[in-house]
Amino acid sequence: MGIFERRDDIFDDAMVLDEEWQPQEIRKRKDELELYRQALQPVVDNRPLNNIFIYGKTGTGKSAGTRYMLEHLESDAMQYDDVELSTVWVGCENLSTSYQVAVALVNALRDSRTGLLPEREKMSATGYSQQAVFDRLYDDLDDVGGTIVIVFDEIDNIGQSDDLLYGLPRARANGYLEEARPMVIGISNEFNFKDDLSPKVKDTLCEEEILFPPYNADELTSILEPRAEKAFQDNVLEGDVVRLCSALAAQDSGSARQAIRLLSLAGKTAVNNRDEQVAPKHVHHAKKELAQSQVVEGMEQLTTQGHAVLVTLAYYSAKGETPVRTRDLYQQYRNIADEVASNTIVERRVRAHLSDMSMLGLVNTYGRNEGMKDGRYKEHELTVALETVLDVLGSKERFQGVVERIRRVAAKNNQLN
DNA sequence: ACTCCACAGGAATTGAGGGGTG
DNA sequence: CACCCCTCAATTCCTGTGGAGT
């Protein structure tokens, strides 16, 4: 018997479950897309452009819908000689300021004109003054000329740093642009992002607003079904697997992305188990695994000091003294950080880390108040299994020692399972 | 109704670390 | 090389606050 053996594949075309895959048709978003079409109409009519603001939670079809509309817009606009149209897409997922977005936009414009790549020739993300970046951006836009539809995906990452959103729509009126007519489409996951913007930006960016609501279970099912059909061989999906994925995703987030991931991962799980059919148990397994991997990812992204705070909390958890008061946690943190990090941070900063981790869903925080006796304070505990935290942190060299000791403490107190 | 505990968390500032131009 | 730019964790300083005790 070899190590490898041929397996019958239950997948047919697994690509359709891939993150990258673009459906031909956007399902269940008829009304939203009609509004979108109306908002884009002025491009074809060569009339004054309105900026568009799209919002809705992740996986509600905002990006897919936008891609779809732009594709059609581009091909349909070709019919008219007097419509000169280009589109640029800027994903802002790792960009936290207007400055960075402007640089990314400059690079995206270059990419779209000269073809992809040369990392060397890209504008670097720091070093210039903001004005220098904007000047270059306006120059490049003018070089392209015509109507330029600029999409900022996940624009809410920039927070209140909205200089670009202020400047871009006004650039023409202010004489920075001669040839180009820019139009901005902002896509946001945050409903309240709008409120963070300064009022003058708000009413220019949000001339047209379209809301993409979460999908319900039925809608998810009808999105999933055609994909499931293509992705898997016939009769591989047991019973209501698709419905189950839809229901779980609808319950949680109403996100099509989540539903698709569930189905995809359930399929892979079945393959790994050498099962011939994808069953509900595979879906449930997939759900756990997805949740877990999100948590792990969140933990990985923390800084060293964040890890130090987390490991301190893990220590209390191992002792079974788990909702810990910030004050006590901080005392212990100082001992631990002294050992694993080159310095210790101030209490205020530890509170900030705890609050970040609470946002990430790694930590639960309860507010308590005992009046004149003990005042107002907070208590914290892990939301994640202690096991998981120790596994992730234990893989970092500098934490190995502490994690080992915490494991022993936990064993003594029976806190691991 | 008022007091007063013991923090929570906002705002402004700093400094190291990425990088730029000439 | 001298001098300037943006970013982000960390620090400093501070005002805000919910309810037990009076």
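Every chain is numbered from 1 and lettered A, B, ... according to where its sequence line falls, protein lines coming before strand lines.
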(request) At under 4.0 Å between heavy atoms, which parts of nucleotides 1-6 of chain B does protein reach? Answer with one letter per nucleotide, 5' to 3': B base, S sugar-phosphate only, - none. (result) --BBBB
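- Residues from residues 124-131 of chain A with heavy atoms under 4.0 angstrom of DNA chain C, sorted by number: A/Gly127, A/Tyr128, A/Ser129, A/Gln130.
- Separating the OH atom of A/Tyr330 from the P atom of B/dG9 is a distance of 17 Å, rounded to the nearest angstrom.
- Neither OP1 nor OP2 of C/dT7 sits under 4.0 Å from any side-chain N or O of A/Ser96.
- Between the CZ atom of A/Arg351 and the P atom of C/dA10 there is a distance of 15 Å, rounded to whole Å.
- Cation-pi geometry between A/Lys319 and A/Tyr316 is met: under 6.0 angstrom from the ring centre, within 45 degrees of the axis.
- The separation between A/Asn94 atom CG and C/dC6 atom P is 21 Å, rounded to whole Å.
- Scanning atom types as modelled, one donor and one acceptor separated by under 3.5 angstrom connect the side chain of A/Arg348 and the base of B/dG10.
- Both tests pass for A/Arg29 against the ring of A/Tyr215: distance under 6.0 Å to the centre and angle within 45° of the axis.
- Taking the ring centre of A/Tyr377 as origin, the terminal cationic atom of A/Arg325 falls inside the region bounded by 6.0 Å and 45° from the ring axis.
- Nearest heavy atom pair, residue A/Phe53 against residue A/Ser188, reads CZ-CB, 3.7 Å.
- Axis angle, first five pairs versus last five pairs of the helix from B/dA1-C/dT22 to B/dG22-C/dC1: 20°, rounded to 10°.
- Checked for salt-bridge contact, A/Glu347 and A/Arg327 miss the test: no charged N lies under 4.0 Å from a carboxylate O.
- A salt bridge links A/Lys396 to A/Glu300: at least one charged side-chain nitrogen sits closer than 4.0 Å to a carboxylate oxygen.
- Nucleotide B/dA8 holds its P atom 13 Å from the CE atom of A/Met357, rounded to whole Å.
- Side-chain polar atoms of A/Gln131 and A/Asp135 form a donor-acceptor pair below 3.5 angstrom.
- Cation-pi check for A/Lys62 over A/Tyr55 is not met; the charged atom does not lie both under 6.0 angstrom from the ring centroid and within 45 degrees of its normal.
- For the pair A/Arg257/A/Thr58, a side-chain contact is recorded, criterion being any heavy-atom separation below 4.5 Å from C-beta on.
- Residue-level contact check: A/Thr304 touches neither bases nor backbone, having no heavy atom under 4.0 Å from any strand.
- Atom CZ of A/Arg349 is separated from atom C1' of B/dG15 by 14 Å (rounded to the nearest Å).
- One can place CD of A/Gln305 at 16 Å from P of B/dA16, the figure rounded to the nearest angstrom.
- Residues A/Leu141 and A/Leu177 come closest through the heavy atom pair CB-CD2, 3.9 Å.
- In this structure, CD1 of A/Ile345 is placed 14 Å from C1' of C/dT12, rounded to the nearest angstrom.
- Put simply, the side chain of A/Arg351 reaches to within 4.5 Å of the side chain of A/Arg348, judged on heavy atoms.
- For the pair A/Arg170 and A/Tyr166, the cation-pi test (distance below 6.0 Å, angle within 45°) is passed.
- Residue A/His353 has a polar side-chain atom (N or O) positioned under 4.0 Å from OP1 or OP2 of C/dA10.
- Separating the CE atom of A/Met359 from the P atom of B/dA8 is a distance of 15 Å, rounded to the nearest angstrom.
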